[in-house]
Amino acid sequence: MRKQLDTVVSPKSKLTRPIRKPKTTWVEPKFFADVEYRDITSEGLLRASSFKGLSRDDKS
């Protein structure tokens, strides 16, 4: 997965709210992630999330 993401690295975040994470690598939104989760917190974060797979958006 890292090899795929290395092809779309972005110099800065595209998020509207800043997130402080050390050693973060931002990428262009060219992939779709299949994620399962149990709930969404009051802060809008996923609770008990699980990554299921990755696919590329070849339309852009």
Side-chain angles (χ1 to χ4, degrees):
M1 182 165 69
R2 180 62 198 213
K3 286 181 182 181
Q4 289 178 298
L5 292 175
D6 281 343
T7 66
V8 292
V9 171
S10 175
K12 63 180 189 170
S13 168
K14 305 285 186 194
L15 301 176
T16 56
R17 291 192 303 177
I19 296 177
R20 285 187 250 152
K21 293 285 182 182
K23 299 182 182 179
T24 300
T25 301
W26 299 105
V27 296
E28 295 292 332
K30 302 287 182 182
F31 293 90
F32 293 99
D34 185 14
V35 177
E36 277 186 6
Y37 59 93
R38 301 265 183 207
D39 200 5
I40 298 177
T41 68
S42 59
E43 294 85 24
L45 302 174
L46 300 181
R47 177 175 287 139
S49 59
S50 175
F51 176 74
K52 299 299 181 184
L54 189 69
S55 61
R56 186 165 181 134
D57 175 16
D58 291 322
K59 297 175 186 166
S60 55

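This is a predicted model, so every value here is computed, not measured.
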CH2-OG distance between Trp26 and Ser13, expressed to the nearest 0.5 angstrom:
4.0 Å

Are Phe32 and Val35 grouped together when hydrophobic residues (ILVMFWY) are joined by side-chain heavy atoms under 4.5 angstrom apart?
no

In terms of hydrophobic clustering (I, L, V, M, F, W, Y; side-chain heavy atoms under 4.5 Å; direct or indirect links), are Val8 and Phe51 co-clustered?
yes

When you compare the side chain of Thr25 with that of Arg2, does any pair of heavy atoms fall below 4.5 Å?
yes

Partners meeting side chain to side chain contact (heavy atoms under 4.5 Å, CB included) with [X] (sequence neighbours left out):
X	value
Tyr37	Ile40, Leu46, Ser49
Arg38	Ala48
Thr7	Arg56

Partners passing salt bridge (charged side-chain N to carboxylate O under 4.0 Å, His left out) against [X] (at least two apart in sequence or in another chain):
X	answer
Lys3	none
Asp39	Arg47
Glu36	Lys52

Phe31 atom CZ: more than 12 heavy-atom contacts under 6.0 Å
yes

